[in-house]
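Data first, discussion second: the structure below is written as structure tokens.
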Amino acid sequence: MAPQAVAQTAEPQEHAAPEALQTGDETPWIYEGSDVPQDKEWLWGAMDNGLRYAVRENGVPPGQVSIRIRIDAGSMHEREDELGFAHLLEHLSFRESTYLKQGEAIPTWQRLGASFGSDTNAETSPTHTAYKLDLPNATPAKIEESIKLLSGMMRAPVLSKENLAAEVPIVLAEKRERGGPGYRVAEATRSTLFKGQLLGSRLPIGTEETLLGATPEAMQAFQERWYRPENAVVVIAGDADPMFFAAMIEKYFGDWQGKGPLTPAPAFGDPVAPEGVDPDNPVGEVAVLVEPDLPRTFAYAYLRPWRKVDDTVEYNEGRLADLLATAIIQRRLEARARVGGSFLYASVEQDKISRSTDATFVSFAPLTEDWGAALTDVRAIIADAVTTPPTQEEIDREAAQYDAVFVNLVEQRSVMAGSSLADEVVDAVDIREAVAAPETFLQVFRGMKNKVTPQEILQRTQQLFKGDVIRATYVTPAIGEASDNAVQTALRSEVTANTGARLAAKSISFDELEPVGEPGTIVSQRPLGVLGVERIEFANGTRALLASNDYEPGRVAVRMHFGAGKRAFEQDEAAYIALGEMALVGSGQGVLGQEELDRITTGRVIGFNFEINDATFVFSSQTRGPDLDDQLYLFANKLSDPAWDPNPVIRSKAAQLLAYDGMATSPGGVLQRDLEFLITAMDGRFKTPSVEDLNAATPEGFREVWAPILEQGDVEILIFGDFDQQKTVETLRRTIGAIPTRKPIAPEALARVPAFPESGNETVVRTHRGDANQAAAVIAWPTGGGVAELRQSRQLEILASIFDNRLVEAMRERAGASYSPQVGTHWPIDLSSGGRITAIAQLKPEDVPVFFTEADAIAKDLAANPPTAEELERATEPLKQLIRRAMSGNLFWLYQIEGSSTDPRRLLYLQTLQADYSETTPERMQALAQRYFGAREGWQMAIIPEGQELAKSTGERVVPAVRAAPALTTGR
């Protein structure tokens with residue numbers, strides 16, 4: 001058994017030669033006006049009817065073909081009475097078209113192995129609508145059939161009254177789920193920053209009035225106006241002959257003709273300052289937005305008109321210089337925030353938005369109600385950047401970081417997924433620029449970085465902080481804290497440059513650091529017996545699993561497990577769990593604080609992610625072979641010599657305090673806050689810490705809790721990827737093998753497993769402070785955990801998929817009650833129990849009982865009757881293809897093998913992995929349903945608006961409301 005890294009190219013199929021390819025000396029359409037070196041792996045075509053296409057061969061993952069169809073029509077192409085039509089048409093195109101009967105699109109692609117939502121999807125933006133299909137196991141017949149089906153969706157969707165009646169409620173459900181304070185702020189921010197432009201008033205979701213007013217005739221007129229070959233680009237990248245892709249595009253799109261004359265795209269408008277503003281500081285419209293439950297955030301932008309550019313090498317050199325300029329300011333702002341400034345975070349970004357503006361955005365979160373002080377601090381750091389050149393050391397530091405990024409892209413270009421490559425072309429078309437190979441990015445960057453001087457960065461910075469107009473929004477929870485006039489006055493005021501924000505050079509290298517300890521002794525070194533993995537055990541008890549291969553050039557995955565995870569904590573330590581997730585790594589190690597960690601990893605591909613799982617803690621990173629030794633040092637040194645800088649804890653605490661009230665503003669936020677706590681029978685370790693919990697937490701308490709935890713439990717490290725195995729074994733002796741012998745985990749901690757609420761018919765009710773038409777519902781059944789029934793846990797994925805398909809049909813297709821109900825299964829392998837199957841939906845409050853009734857009925861029917869063969873095919877084929885594609889990557893196998901040095905039984909189930917996810921019987925599914933759905937009623941939770949009562953079921957099962965402990969609803 002080995003990762004399937006070699007592409008399984010589909011057998012060639014007879015087809016007519018494509019005629020529209022741009023070959024020889026002809027400039028491909030995407031490179032017109034550009035001197036950027038062409039990416040020769042792409043083939044470009046321009047058809048007589050105006051349709052353009054791009055195709056290439058790519059075998060990552062093996063057997064997959066990614067198809068994208070971009071239509072140059074988004075929400076800014078709508079008229080005032082058509083708001084939301086572009087997005088609605090996207091939905092209608094999936095419902096019924098020339099080659100697909102009503103409701104057949106999703107089942108059809110599921111039978112072809114493409115899962116709905118991830119492999120089959122679409123998006124509508126202000127500037128385009130893009131249809132996306134990632135087709136696994138793509139034989140020529142499947143590819144041709146898919147292109148044919150997609151062509152019918154683009155050319156002739158069925159825009160009937162019946163289809164509108166079905167899809168409009170689904171779109172309205174999507175709109176409803178996006179509502180609430182966060183959405184109101186986003187909408188007001190957009191309308192303020194982009195005032196006078198279509199971008200400020202054309203949200204893709206539309207309005208209830210225009211959506212309900214949509215008619216077949218109006219939709220047909222919109223479709224015929226914009227869905228034309230001149231507005232279409234087809235992109236295909238995948239594991240087959242690109243000439244075949246081109247031939248199929250020409251076959252099914254070649255006779256497509258638009259109806260009537262081509263309609264030119266509307267003028268999107270330019271940012272224009274109000275009359276009478278100071279041209280040197282053109283502060284224009286601002287908006288103070290009061291939302292009682294949202295944290296303070298301030299955003300302002302320097303807005304310039306967007307203009308199409310010639311995407312030349314010189315232009316890209318300028319863009320890269322802009323990146324260096326903003327990175328220098330960003331690092332200064334971050335350093336200021338770390339040491340306890342007046343803001344929690346601040347960011348600077350230059351971006352071109354929806355072909356409407358070229359803008360520089362500044363955003364920050366004030367720590368207190370004194371937003372003016374925070375604004376002054378941020379502006380003072382920027383003022384220094386626009387008046388005084390940076391140091392060469394600052395430039396070199398950011399240049400080294402970008403150089404490492406571009407080198408890494410070059411190293412990994414052979415393992416770039418076809419889906420990502422196809423998306424890059426769609427994005428390039430959207431911004432009217434070209435595409436380039438990773439080698440070109442690196443070449444251009446290295447060609448310009450030695451020419452970049454402090455004076456040039458100063459000039460680029462000055463241009464970034466100029467605009468035709470400056471606009472701003474300030475979100476505050478307090479009425480009267482700010483006014484539009486006060487914000488305008490603050491932005492117009494002079495500010496003194498903060499010269500102290502510059503970061504002095506502090507040279508530091510790994511060679512200067514103290515060793516972890518005496519190099520360890522290897523007591524066991526042998527092949528694991530699968531995938532070429534080697535198992536190494538050191539005298540201190542640490543263990544390593546190594547798999548060196550070239551399946552993913554330039555990429556190394558590292559995961560280090562230790563300790564007891566959430567089992568290590570007491571019931572009243574939720575605050576320190578949450579603070580640890582954000583602050584433990586930043587608290588430092590040895591002589592390395594946050595700034596030193598940043599400096600020592602500059603120009604390197606070194607990461608440091610930290611996870612707190614139910615049963616273990618995990619350090620993880622995606623690195624590269626040359627950086628692996630130092631990556632391992634950081635992981636080991638964090639355990640052997642942790643530091644306890646209080647600032648990251650204080651900052652993390654401030655961030656969580658600011659965010660807590662915001663969780664109450666939507667059903668989704670309440671789910672995030674309360675579900676894990678409630679579904680584990682109110683286990684305090686799964687609680688989201690309240691304001692009181694966080695206020696009681698201190699840096700001293702943080703150290704007291706975490707210091708002993710970092711000393712406990714065996715260590716297992718897994719390293720999979722492109723590295724020198726012999727050299728890495730020696731590095732492991734000096735790092736993981738050299739840490740002090742670990743202390744044992746207390747038996748009472750190891751015995752802790754999350755419980756499940758007692759069986760009963762009562763529904764737990766929580767309330768939110770968002771929109772009155774928003775609610776959410778959850779129903780769940782306990783399953784199990786552990787390695788012994790690992791094969792059964794995989795079969796549960798199939799059962800959950802069948803459940804999900806039925807629930808989507810019941811709640812979305814039949815009633816339009818919910819936009820995206822979901823059913824999932826969780827099976828903790830490291831624990832003996834704690835698993836569950838959970839169904840979740842966001843819906844209208846009056847539809848909550850409908851959800852419970854439908855989900856309960858589906859569960860009971862699955863227990864009473866076996867699913868059909870067609871249902872099994874729709875569930876198993878996407879799962880089979882998902883697993884097959886994942887098998888081509890090292891990370892997939894790492895996840896399957898992790899923990900096996902503690903429990904070797906995991907290795908026994910590798911040989912049945914694919915069969916467990918893709919082969920089953922109706923009888924086996926029914927038996928699982930009987931075991932888990934038939935044994936007890938599902939546990940129910942509802943989140944409804946404040947002031948409302950839970951709607952009663954109209955069926956046999958009445959749903960009484962039971963209010964849970966008020967301590968969990970801390971806040972206003």
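Bear in mind the structure is a predicted one, so any value in this text is a computation, not a measurement.
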Any side-chain to backbone donor/acceptor pair from Lys687 onto Ala575? Under 3.5 Å, distance only.
no
Minimal non-hydrogen separation, Leu579 against Phe702, with atom names
C-CE1, 3.8 Å
With Phe608, which residues qualify under ring pair (Phe, Tyr, Trp, His ring centres under 6.0 Å), at least two apart?
Phe619, Phe635
Distance-only, no hydrogens or angles: does the Arg742 side chain make a donor-acceptor pair with backbone N or O of Leu710 under 3.5 Å?
yes
Has the side chain of Asn613 got a donor or acceptor atom that lies under 3.5 Å from a matching backbone atom of His561?
no
With a 4.5 Å heavy-atom cut-off, do Gln443 and Phe406 have their side chains touching?
no
Salt bridge or not for Arg413 and Glu439, using N-O below 4.0 Å?
yes
Are the side chains of Tyr660 and Arg673 in touch, meaning some heavy atoms are under 4.5 Å apart?
yes
Go through the steps to decide whether Glu898 and Arg906 satisfy the test salt bridge (charged side-chain N to carboxylate O under 4.0 Å, His left out), and finish with yes or no.
CA-CA 8 Å; Glu898 64 182 358; Arg906 298 185 187 212; 5.7 Å; no
Within the 4.5 Å heavy-atom criterion, are Val787 and Tyr909 side-chain neighbours or not?
yes
Salt bridge present between Glu537 and Arg543 (N-O < 4.0 angstrom):
no
Compare every heavy atom of Val378 with every heavy atom of Ala346, then report the nearest pair and how far apart it is.
CB-CG2, 4.2 Å
Can you see which heavy atom on Ser900 is nearest to which on Ile897, and at what distance?
OG-O, 2.7 Å
Considering non-hydrogen atoms only, spot the tightest contact between Ala337 and Arg651 and give its length.
CB-NH2, 3.7 Å
Go through it in stages, so that I can follow the logic: the residues are Lys566 and Asp683, the test is salt bridge (charged side-chain N to carboxylate O under 4.0 Å, His left out), and I'd like the CA-CA distance, side-chain angles, deciding distance and then a yes or no.
CA-CA 11 Å; Lys566 286 191 176 178; Asp683 187 324; over 6 Å; no
Contacts under 3.5 angstrom, residues 508-530 side chains, donor-acceptor by atom type, not counting sequence neighbours:
from: Ser509; atom 1: OG; to: Asp511; atom 2: N; distance (Å): 3.4
from: Gln525; atom 1: NE2; to: Glu534; atom 2: OE2; distance (Å): 3.0

Is there a side chain to side chain donor-acceptor pair (under 3.5 Å) between Gln631 and Ser621? Walk through the geometry before answering.
CA-CA 8 Å; Gln631 180 74 73; Ser621 173; 2.7 Å; yes
Checking side chain to side chain donor-acceptor pair (under 3.5 Å) for the pair Asp322/Gln350: CA distance, chi angles, key distance, verdict?
CA-CA 8 Å; Asp322 288 343; Gln350 185 264 339; 5.1 Å; no
Before you tell me yes or no, could you show the steps for Asp384 and Arg502 under salt bridge (charged side-chain N to carboxylate O under 4.0 Å, His left out), namely the whole-Å CA-CA distance, both residues' side-chain angles and the distance that decides it to 0.1 Å?
CA-CA 9 Å; Asp384 179 44; Arg502 293 167 174 255; 2.7 Å; yes
Step by step, work out the side chain to side chain donor-acceptor pair (under 3.5 Å) result for Asp377 and Ser342.
CA-CA 7 Å; Asp377 282 353; Ser342 57; 2.5 Å; yes
Under the 3.5 angstrom rule, does the side chain of Gln656 hit a backbone N or O of Leu694 as a donor-acceptor pair?
no
Look only at the side chain of Thr735 and the backbone of Thr731, and say whether a donor-acceptor pair between them is shorter than 3.5 Å.
yes
Do Tyr551 and Trp893 make the cut of ring centroids closer than 6.0 angstrom?
no
From the list Val729, Asn890, Thr728, side-chain contact (heavy atoms from CB on, under 4.5 Å) partner of Ile719 resolves to Thr728
Kindly say whether the aromatic ring centers of Phe677 and Phe686 come within a distance under 6.0 Å.
no
In terms of side-chain geometry, is the basic nitrogen of Glu334 or Arg336 positioned less than 4.0 Å from the acidic oxygen of its partner?
no
In short, Gln712 meets Pro708 closest at the heavy-atom pair CG-O, 3.1 Å
Is any side-chain heavy atom of Pro389 less than 4.5 Å from a side-chain heavy atom of Ile457?
no
With a 4.5 Å cut-off on side-chain heavy atoms, are Lys449 and Tyr402 touching?
no
Is a donor on one side and an acceptor on the other found under 3.5 Å between the side chain of Glu573 and the backbone of Glu570?
yes
Under 3.5 Å, side chain of Arg567 to main-chain N/O of Ala564, donor-acceptor pair present?
yes
Say whether, by atom type as modelled, one donor and one acceptor occur between the side chain of Lys743 and the main chain of Gly713 under 3.5 angstrom.
no
Tell me whether Lys727 is salt-bridged to Asp629, with the criterion being a basic N under 4.0 Å from an acidic carboxylate O.
yes
Using modelled atom types and a 3.5 Å cut-off, is there a donor and acceptor pairing between side-chain atoms of Ser652 and backbone atoms of Pro648?
no
Quick one, Glu424 with Ser420, criterion side chain to side chain donor-acceptor pair (under 3.5 Å). Give me CA distance, side-chain angles, the key distance, then yes/no.
CA-CA 6 Å; Glu424 285 181 1; Ser420 298; over 6 Å; no
Please determine if Glu716 and Arg559 form a salt bridge, counting it only when a charged side-chain N lies under 4.0 Å from a carboxylate O.
no
Taking only distance into account, with no hydrogens and no angle test, what donor-acceptor pairs under 3.5 Å do side-chain atoms of residues 597-606 form with protein atoms, sequence neighbours excluded?
from: Asp598; atom 1: OD2; to: Arg338; atom 2: NH1; distance (Å): 2.9
from: Asp598; atom 1: OD2; to: Arg338; atom 2: NH2; distance (Å): 2.8
from: Arg599; atom 1: NE; to: Glu595; atom 2: OE2; distance (Å): 2.7
from: Arg599; atom 1: NH1; to: Glu393; atom 2: OE2; distance (Å): 2.9
from: Arg599; atom 1: NH2; to: Ala504; atom 2: O; distance (Å): 2.7
from: Thr601; atom 1: OG1; to: Leu597; atom 2: O; distance (Å): 2.7
from: Thr601; atom 1: OG1; to: Asp598; atom 2: O; distance (Å): 3.3
from: Thr602; atom 1: OG1; to: Asp598; atom 2: O; distance (Å): 2.8
from: Arg604; atom 1: NE; to: Asp627; atom 2: OD1; distance (Å): 2.6
from: Arg604; atom 1: NH1; to: Asp630; atom 2: OD2; distance (Å): 3.2
from: Arg604; atom 1: NH2; to: Asp627; atom 2: OD1; distance (Å): 3.2
from: Arg604; atom 1: NH2; to: Asp630; atom 2: OD2; distance (Å): 2.4

Residue from Tyr345, Phe364, Phe343 passing side-chain contact (heavy atoms from CB on, under 4.5 Å) with Leu333:
Phe343
Report the relative orientation of the aromatic rings in Phe610 and Trp706; use parallel for angles under 30°, tilted for 30 to 60°, perpendicular for over 60°.
perpendicular
Given side chains that start at C-beta, do those of Leu546 and Val533 come closer than 4.5 Å, heavy atoms only?
no
Just by modelled atom types, is the Leu323 backbone N or O under 3.5 Å from a matching donor or acceptor in the Arg460 side chain?
no
Tell me whether Arg624 is salt-bridged to Asp722, with the criterion being a basic N under 4.0 Å from an acidic carboxylate O.
no
How close do Ile612 and Gly565 get, counting heavy atoms only, and between which atoms?
CG2-C, 4.4 Å
Ile717 side chain near Leu545 side chain, heavy-atom distance below 4.5 Å:
no
What I'd like to find out is whether the side chain of Ser548 reaches to under 4.5 Å of the side chain of Phe723, using heavy atoms alone.
yes
